[in-house]
Amino acid sequence: MSKLTRSAAWQALGAHCTTIQPLQMRQMFQDDPERFDKFSLRLDITSDSAGIVCQPSRMASSSISLVFDYSKNRINAETVKLLLELARQTGITKQVERMFAGEKINSTEQRAALHTALRNRSGRPVLVDGKDVMPDVRRVLGLMRNFSDAVRNGQHVGHTGKQITDIVNIGIGGSDLGPLMVCEALKSYASQNLRAHFVSNVDGTHLVETLKNLDAATTLFIISSKTFTTQETMTNARSARAWLIGKMGDEQAVAEHFAAVSTNLEATSKFGINPSYVFEFWDWVGGRYSLWSAIGLPIALFVGMDRFEELLGGGYTMDEHFRNAPLDKNMPVLMGMLGIWYGNFFGAGSNAVFPYDQYLHRFPAYLQQLEMESNGKGVDRDGNTVDYDTGMVVWGEPGTNGQHAFYQLIHQGTRLIPADFLAPLRSQNPLGEHHAILLANCFAQTEALMVGKTAAEARAELEAQGLHGEALEALLPHKVFPGNKPTNTLLFDKLDPHTLGMLIALYEHKVFVQSVVWNINPFDQWGVELGKQLAGKILPELRDATSASRHDASTNGLIDYYRNHR
Ligand code: F6P
């Protein structure tokens, strides 16, 4: 048994779980009218984002708020106490400080994980190897401001003097999902004169379909890659370069139409990108944590640098909350520990995320990388195989679409799927009753998942519809909802850049909390390497029909079929 599963707090939670399992949340709500007040939090943020107040959700507020309702969970006060004991036992507070302090907590790569420094608005220095990184962070932010302003106001023009109308970000994973998700989320703040496109897939279709309607003379490419060696990105970048030169008929055009974001300045210069349009970041920024760095350049271009800085401000607000709030009032800690509760004690294998805000439609996809690449680990920090489950499968779609597709399985299927619901109080596109209908659905779903419908209630309904006897008995079991399905609800005023920054940082820290409990490194991703290595071996075999088969029978068969039939 591992140290974790042997620990007193883990054992206590295991025992406690057997007492919670039979309890119905519906009954818990009936027994305790204060349940919402007890199990919800509100973060109130004053305009300078320094005054962060944590208070019960019901209290009136005039400032920006983020409400976290976790009362519809299979918990009582004892559960929260035990979960926080587990968090304490694993040294969460110390680990949080180690991260913020720039210690090399990414031990397998000997790197710090300092995405928090990128949004540090405090003026406090942040040291890596004894050197304050903040002057460099501010310098690059300044360069991003100059460049994004120049493109947006038409000072930076294309090779033929035309204003840039389209930016195409070429990147993958963290160099794509973050900026793409944020640009979609903040679309309502975007410039009318600039469109943002994202090409990630090495499938030529992605690039070709994106470029189909673009005018090379008004298109700016941003090659985003931390390493600047990623096969998919470099392949797309080379093809984009060829397209541009082909259309413009002049290789010199590359200078005005290509920018790069990377930690590998040698490779960007080798690729021929004008050094004035190369934006640097550092190895202490993990790929999936990088949207706050120059990887956010498409965001700055699309919505403007002021908005980008507001996004950073939102991240900083959540950082301060995470660092300073006591564990029982700490959103990322509570959220992370609830995930552990279901994943490790109830055997839940997935966690759904349902944004009731169309602008957040790429948020679940973004969270998939954040959570699954970070916490999809099977050995602990000391290299021991873990004897407990780690990261959950994350998935989701915007409500109400999901309601008409897969919610059925959550309501009446056999698996326990804890779900997060996110919704704004105000729509950015008020249209008749749309927003009230949207939120009515959001609240109704969490209620339905929690209360379910008993056999007696279903029977009464069927009888009221005039059904009796055999027909009623046959239909009855299908009409029963077991309920007791856990959900969290996050409510915010509207999806502005600051709020979005808070939400992203909230999930980042939730992931970190879980990694601390599981004693795993959330900042490396060795699991993606094997596929890359094998693709490197297979590619020459696809090109050259004479190369020998060196794989298993299935892989050989597929390679041969491709070679013989394409
Ligand atoms: O292969 C996984 C990964 O390394 C991710 O962690 C990263 O976000 C992505 O590839 C892209 O890497 P890069 O920014 O270096 O091109």
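Remember, it's 1-based here, ligands and their atoms both numbered in the order they're listed.
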For atom 12 (O) of ligand 1, closest protein heavy-atom neighbour: Thr230 OG1, 3.5 Å
Ligand-side contact atoms (ligand 1) for residue partner Ser175, heavy atom cut-off under 4.0 Å: 13 (P), 14 (O)
Is_contact(atom 10 (O) of ligand 1), protein non-hydrogen, under 4.0 Å: no
contact_flag Glu529 ligand 1 heavy-atom lt 4.0 Å: no
Ion pair check, Glu310 and Arg307, cut-off under 4.0 Å: yes
Contacts of type ring-ring contact (aromatic ring centres under 6.0 Å, His included), residue Trp341, not counting sequence neighbours: His16, Phe345, Phe346
Top protein contact for atom 8 (O) of ligand 1, by heavy-atom distance: Gly174 N, 2.7 Å
Parallel, tilted or perpendicular, as decided by the 30° and 60° cut-offs, for the rings of Phe221 and Phe258: parallel
Sub-4.0 Å atoms of ligand 1 with respect to non-hydrogen atoms of Gly173: 8 (O)
Protein heavy-atom partner closest to atom 15 (O) of ligand 1 - residue, atom, separation in Å: Thr227 OG1, 2.6 Å
Residue of the set Thr210, Thr235, Ile222, Ile223 for which side chain to side chain contact (heavy atoms under 4.5 Å, CB included) holds with Ile170: Ile223
Within 6.0 Å of CZ in Arg415, more than 12 heavy atoms from elsewhere: no
Check: Tyr359 ring centre within less than 6.0 Å of Tyr189 ring centre: no
Residues that Phe363 engages under ring-ring contact (aromatic ring centres under 6.0 Å, His included), provided they are two or more places apart: Tyr507
Atom indices of ligand 1 within 4.0 angstrom of Val528 heavy atoms, with elements: 1 (O), 2 (C)
Closest to atom 5 (C) of ligand 1 (judged by heavy-atom distance), picking from Glu373, Lys226, Gln231, Lys532: Glu373
Polar side-chain atom of Asp203 near backbone of His206 as donor-acceptor pair, under 3.5 Å: no
Enumerated ligand 1 atoms positioned under 4.0 Å from heavy atoms of Gln525: 6 (O)
N or O contact, Thr233 vs ligand 1, cut-off under 3.5 Å: no
